[in-house]
Visitor: 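Pasting in a structure now, in structure tokens, and then I'll have a few things to ask.
Basis for what follows: all heavy atoms, side chains included, without hydrogens, waters or symmetry-related copies. What you are looking at is a predicted structure, and each value in this text was computed from that prediction instead of being measured. Residue numbers begin at 1 in each chain, while the letters A, B, ... track the order of the sequences.
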Protein chains: 2
Amino acid sequence: MGKAGTKGVSRAERERQIVDVAVEEFGRHGYAGVSVTAVAQRAGISKPLVYSYFDSKDGLYLACVHEVGGLLVDAVAAARSRSGSTGHALDTLGALFTAVEQRRHAWSVLYDPALPPTGELRDAVRRYRGRLAAMGAAGAAQLLTRAGHDDRLDHELLNDVWQHAVTAVMRWWSDHPDQSAAEMSARCARLLTALGAG
Amino acid sequence: MGKAGTKGVSRAERERQIVDVAVEEFGRHGYAGVSVTAVAQRAGISKPLVYSYFDSKDGLYLACVHEVGGLLVDAVAAARSRSGSTGHALDTLGALFTAVEQRRHAWSVLYDPALPPTGELRDAVRRYRGRLAAMGAAGAAQLLTRAGHDDRLDHELLNDVWQHAVTAVMRWWSDHPDQSAAEMSARCARLLTALGAG
DNA sequence: GCTGGGTAAATTACTGATGGGTCACATGGT
DNA sequence: ACCATGTGACCCATCAGTAATTTACCCAGC
């Protein structure tokens, strides 16, 4: 690469570039599978610059978490407010699809199962997951109570299953880049009706 | 540690011990999150012995894959033959629960999303996943065709969602060690009926 | 019944590569 | 001249993988 010296890119702009690259890399290969060097190279800069802006690998991942966490939470909240408090699953899914159509690996950043099990990173991830679960699974709770079940652990488990199901859809979408958000919505609509759930 | 020299443990027995430990470690922390040294320590032996028996880290993981792959495929096959070719999802789940009650991390070994994307390991995992999908999702295919949908990609996606849903249940179970296999079956029965699927 | 060697079961100590993280320094704009 | 932007080179821990060696078991032949 060329010599040192500024290239006319402001810190804020550079941070956005780095986070963009990092979200895709972390989403693809997971926290453990990505090296800071790799992110720096794909962003066209050197490793110390990443550290100068984000302090550590965890700091970089944390920035990604806040980026995609905010995106997803906002999308689901907006969908819920549009379709009333009894938001159906399909509306939530559709909102997620359009929100991440340009950044399809965003979801995986929040749902990497191999994160370091301690520290601030884990806490931030859990907070965002919790907020998504609280919103996305209000409908699930309705389902259960309507069926006469109100076991607390049942609710927990159903939440987990729902979030993993979304993960499955998102990963499948990553493997089928030709599919549009609208097509994904239609596909999920077919699946949901075939399953008999509204 | 003590000196060198045999401790009166045969190779076959030692291999079983190592694979047992490795399945748990790999299931907990994923392929990338486990070092061969850690497996050796938890098995009470030294690293070179692991290499002498399994050649490489991939070789060790491969042994784990065959172990749990065989276990799971056999369990699902038996459940299917018991409940006729139109095996319901609940029977499959119950068979899985009892099969892995003593090794609850087995499923995660087959469904680690961060495996090295090339090589024999990936192929073996894909084979076992494929066999499980073919059996477990025959019922899903019925669901879709009965609802009038026969899109090939829809089937693919539904398969993925089903397998991720099982992953979710298995991970939840790992986090709730007090639950028995029977309780898990009952819980999943409640969830399935609440969802309206049979 | 002892002895001695062949072999299986083990270990300590190394190597080479990679990855997180740091330092001293270089460059460009204002 | 100053500060933000930017880099090459380095440090240290860890990890996959590999000698070289050491100990215990087993079984011939005397």
Visitor: DNA chain D: B:Asp55 or B:Gly8, which has the more 5' nearest nucleotide?
Guide: B:Asp55

Visitor: If only side-chain N and O atoms of B:Arg14 are considered, is one of them under 4.0 Å from the OP1 or OP2 phosphate oxygen of C:dA10?
Guide: yes

Visitor: Looking at C:dT22, D:dC15, C:dT11, which one has an atom nearest to any side-chain atom of B:Ser35?
Guide: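 Looking only at side-chain atoms, B:Ser35 lies closest to D:dC15.
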
Visitor: If you pin B:Lys47 and B:Val9 to their nearest nucleotides in DNA chain C, which one's is more 5'?
Guide: B:Val9

Visitor: Does B:Lys7 make a side-chain N or O approach to OP1 or OP2 of D:dT23 shorter than 4.0 Å?
Guide: no

Visitor: If each of B:Gly5 and B:Ser56 is mapped to the nucleotide of DNA chain D with the nearest heavy atom, which maps nearer the 5' terminus, i.e. the 5' end?
Guide: B:Ser56

Visitor: Any chance the side chains of B:His176 and A:Glu156 put a donor and an acceptor closer than 3.5 Å?
Guide: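 Result is yes, a qualifying pair exists.
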
Visitor: What's the separation between atom CZ in A:Arg103 and atom CG in A:Asp20, rounded to the nearest 0.5 Å?
Guide: 4.5 Å

Visitor: Taking only the side-chain heavy atoms of A:Pro48 (C-beta and beyond), determine which of D:dG8, D:dT5, D:dT22 contains the nearest atom.
Guide: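 Nearest to the side-chain atoms of A:Pro48, counting from C-beta on, is D:dG8.
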
Visitor: May I ask you to verify if any side-chain N or O of A:Tyr53 is less than 4.0 angstrom from the OP1 or OP2 atom of D:dG6?
Guide: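 For D:dG6, OP1/OP2 do have a side-chain N/O of A:Tyr53 under 4.0 Å.
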
Visitor: Assign A:Val34 to base, sugar-phosphate, or nothing according to its heavy-atom contacts below 4.0 angstrom with the strands shown.
Guide: sugar-phosphate

Visitor: Which nucleotide, C:dT22, C:dT12, D:dG17, lies nearest any side-chain atom of B:Lys57?
Guide: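 Side chain of B:Lys57 sits closest to D:dG17.
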
Visitor: Using the six-membered ring wherever Trp is involved, compare the ring planes of A:Phe26 and A:Tyr31 and label them parallel, tilted or perpendicular (cut-offs 30° and 60°).
Guide: parallel

Visitor: Indicate yes or no: at least one non-hydrogen side-chain atom of B:Glu183 is less than 4.5 angstrom from one of B:Phe97.
Guide: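 With C-beta onward as the side chain, the pair stays apart.
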
Visitor: Within less than 4.0 Å of OP1 or OP2 of C:dA10, is there a side-chain N or O belonging to B:Arg11?
Guide: no

Visitor: Once rounded to the nearest 0.5 Å, what's the spacing between atom CD of B:Gln179 and atom OG of B:Ser174?
Guide: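 These two atoms lie 12.0 Å from each other.
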
Visitor: Hey, is the side chain of A:Thr6 poking within less than 4.0 Å of OP1 or OP2 on D:dT5, counting only N and O atoms?
Guide: no

Visitor: Once you round it to whole Å, what is the distance between P of D:dG6 and CZ of A:Phe54?
Guide: 12 Å

Visitor: With respect to the side chain of B:Val36, which nucleotide from C:dG21, D:dA16, D:dG8 is positioned closest?
Guide: D:dA16

